[in-house]
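Heads up, the thing below is written out as structure tokens.
Throughout, a chain's letter reflects where its sequence line sits, starting with A, and its residues are numbered from 1.
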Amino acid sequence: MRRFVGLLFCLSLALPGASLSAEKGLAIKGVRYFSYPTFTRVVLELESAGPYVLTKDQDGRRLIFTAYEGPLVLKAQQMPLINDGVVKTIEGKEDGGKQFIFVNLDSAAGEVKDFVLRNPDRVVLDVSRGPVGPPIPAPPGRKAVVVMLDPGHGGKDRGLVFAQGQEKSLTLELARAVKKLAAKKESGLSIALTRERDQSLSLDERAAISNSAGAALFLGFHAGAGKDVRVYVLELDPPSRPGGVSGGRKDFIGFETESEQQKMFWGRQQALHTQESNGLGRRLIHQMTGRADAEPMQAPVAALGAVDAAAVVVEVGVELDRTKTAEAIVKGIEQYVREKR
Amino acid sequence: MLVVTLSLLALGGLFIWMRTGPRALPQSRPDGTRQQIAQVRTFRTDEPLRIVVYCPSGGMLAAESAAVRRQPDTQSQARETASALLASPCVVQARVLSALRLNALYLNSSGAAYVDLSAAASGQEGTGSAWDEILAVYAIVNTLTQNFEDIKRVHILVNGKETQTLAGHIDISVPFTKRMELVKQ
């Protein structure tokens with residue numbers, strides 16, 4: 001059996017009143033799932049966080065989840081039947097006196113990522129749909145570069161309201177325009193959107209959609225007043241940030257030591273892409289404003305910390321010509337990808 | 001003769017001491033309490049203190065002079081200063097910042113200020129752009145760090161708790177240091 005995901009020793013001691021954690025076990029009180037266009041998310045709701053082991057069986061068609069030490073107690077009343085092409089079923093099994101949860105994968109299953117979220121505590125398993133995210137296929141003979149466009153806001157969160165419309169609609173229109181233009185140009189980009197409609201998504205969900213699709217580039221779109229264009233990247237290790245890793249969130253896993261593994265934990269993924277993100281930001285500013293020497297603004301942008309790709313947030317003034325803006329964004333992406341190849 | 005001379009010297013010394021020596025204790029009030037004259041003179045709370053506040057203006061921060069009441073210690077003075085910023089006329093038009101109210105401000109011994117804001121607009125998307133949020137955060141951070149050399153970094157809390165953002169864009173769960181490049185020259 002090949003171990004493909006590490007052990008998470010998380011927070012069990014930090015949580016008061018966690019009886020099972022004190023025994024180094026795990027109690028699963030519920031299992032939920034969400035089917036997205038690019039991935040399926042399985043959420044194991046825990047009574048309290050604790051160390052776990054996630055492995056894959058030999059033929060790679062089944063994920064096996066159990067407690068690292070102590071018992072795994074399955075309190076969930078029902079296991080969901082998914083059958084969305086990525087995950088077939090989830091089942092609880094006992095083997096050799098130990099309890100396991102099996103996640104049976106389907107033919108479209110691709111990469112698997114796991115992480116812990118707090119309050120309430122849960123383990124999240126994201127299984128991507130296929131090796132690459134959706135729509136626009138790359139021209140034959142060249143590997144597609146997956147670009148994830150993230151239209152800001154959505155659903156109840158309408159964003160700012162301008163005479164030109166609500167921010168959530170303006171950002172979606174811009175993302176669609178960029179996707180359409182890139183498709184026309186057959187530039188070898190596989191463009192996907194975190195949301196294709198008026199839908200509410202958390203910042204974590206947006207990052208998870210991008211990461212699960214294997215995106216190499218992530219562009220978050222927001223709208224601002226006037227004709228200004230601002231491109232943000234995640235602030236590079238400011239002295240005020242503990243641990244020297246940008247974007248790490250204390251509510252995720254409170255490790256004390258630095259390691260490659262730690263950097264990969266949720267909220268800290270962007271730390272590995274800061275140079276690429278700056279490069280992408282510079283190309284976009286150049287194409288959008290004509291200024292070749294301008295640098296992207298470094299800021300603690302909440303949406304970028306968990307993105308495992310070259311990532312920027314672009315804030316576009318609502319008075320700018322939208323078609324020209326979309327063209328400039330496509331050119332900026334193309335320039336960056338061309339120079340990286 | 002000697003007795004007369006010594007008596008005259010003693011009387012002269014007493015006269016000089018009464019004219020130039022330490023002040024007599026304040027007179028007792030009719031109710032028996034004494035006036036605290038010395039304390040009032042030490043702190044001079046009647047004189048306003050000139051400070052600089054950083055207001056969002058024209059897409060940047062602008063330094064503006066303001067006067068606040070003197071306070072007896074740095075923490076109270078920092079609180080007065082942050083309140084003055086949020087009540088400043090220049091903030092009225094500033095998205096995100098104009099919706100914030102100061103609940104409390106605490107300093108610790110290692111140079112960190114904890115600014116607790118009201119939740120009136122916090123975490124609510126639609127109150128400003130990412131840039132508005134950046135200017136709101138650094139208006140507070142720059143105002144405190146520039147006026148008080150003891151304050152090296154600023155933690156922003158909402159209703160006493162660590163919060164991810166003020167208006168949906170900028171991560172405020174980590175401490176901030178000043179950024180003077182955001183100030184209009």
Side-chain angles (χ1 to χ4, degrees), chain A residues 119 152-162 166-168 171 200 202-204 220-232 234-235 237-243 245-252 267 270 295 297-306 312-318, chain B residues 56-61 93-96 99 110-115 121-138 140-142 144-145 151-158 161-182:
Chain A
N119 299 322
H153 309 279
K156 282 183 186 172
D157 169 17
R158 63 186 184 178
L160 289 169
V161 179
F162 303 97
Q166 296 181 348
E167 189 178 3
K168 65 175 183 179
T171 56
S200 177
S202 71
L203 298 180
D204 279 346
F221 291 145
H222 285 270
K227 294 186 174 182
D228 288 336
V229 170
R230 292 193 172 91
V231 177
Y232 303 97
L234 192 66
E235 194 167 18
D237 301 338
S240 60
R241 274 163 204 268
V245 178
S246 297
R249 285 214 300 276
K250 280 186 276 180
D251 65 342
F252 189 67
Q270 184 55 204
E295 292 287 325
M297 168 88 183
Q298 290 190 12
V301 182
L304 297 182
V312 297
V313 164
V314 183
E315 194 173 277
V316 180
V318 287
Chain B
S57 170
M60 297 287 282
L61 292 177
Q93 296 296 320
R95 277 198 288 235
V96 182
S110 64
Y114 290 80
V115 181
S122 70
Q124 291 179 3
E125 295 84 358
T127 53
S129 67
W131 186 246
D132 293 326
E133 213 170 329
I134 287 173
L135 293 183
V137 167
Y138 285 101
I140 296 168
V141 173
N142 287 357
L144 289 172
T145 52
I151 299 178
K152 307 295 183 199
R153 59 191 182 281
V154 177
H155 297 254
I156 296 176
L157 309 173
V158 175
K161 292 178 183 170
E162 205 174 76
T163 304
Q164 195 180 12
T165 69
L166 280 175
H169 305 96
I170 300 302
D171 183 2
I172 58 164
S173 65
V174 290
F176 291 89
T177 53
K178 65 184 169 190
R179 282 182 76 162
M180 299 311 290
E181 78 274 17
L182 298 175

Quiz prompt | Nearest non-hydrogen partners of B:I134 and A:A299, listed with the distance | solution =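 The pair with the smallest heavy-atom distance is CD1-CB, 3.7 Å.
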Exercise. Could you tell me which non-hydrogen atom of B:R95 sits nearest to which non-hydrogen atom of A:A225, and how far apart they are?
Key: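 For B:R95 and A:A225, the tightest heavy-atom pair comes out as NH2-CB, 4.0 Å.
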Quiz item: Is the CD atom of A:E295 crowded by more than 12 outside heavy atoms at less than 6.0 Å?
Solution: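 Yes, enclosed.
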Practice problem: Report yes or no: does A:E315 contribute a side-chain atom to a donor-acceptor pair with the main-chain N or O of B:S129 at less than 3.5 Å? | Solution: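 No; judged by distance alone, with no hydrogens or angles, the pair does not exist.
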Starting at [atom1] of [X], measure out to [atom2] of [Y] and round the result to the nearest 0.5 Å.
X	Y	atom1	atom2	result
B:E181	A:Q298	CD	CD	9.5 Å
A:H222	B:W131	NE2	CH2	15.0 Å
B:Q164	A:L203	CD	CG	5.5 Å

Self-check item: Heavy-atom check, side chain of B:I170 versus side chain of A:E235, under 4.5 Å
Solution: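 Not touching, per the 4.5 Å side-chain cut-off.
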Exercise. Check whether any side-chain heavy atom of B:H169 sits under 4.5 Å from a side-chain heavy atom of A:Y232, and report yes or no.
Key: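 A side-chain contact is absent here, since even the closest heavy-atom pair is not under 4.5 Å.
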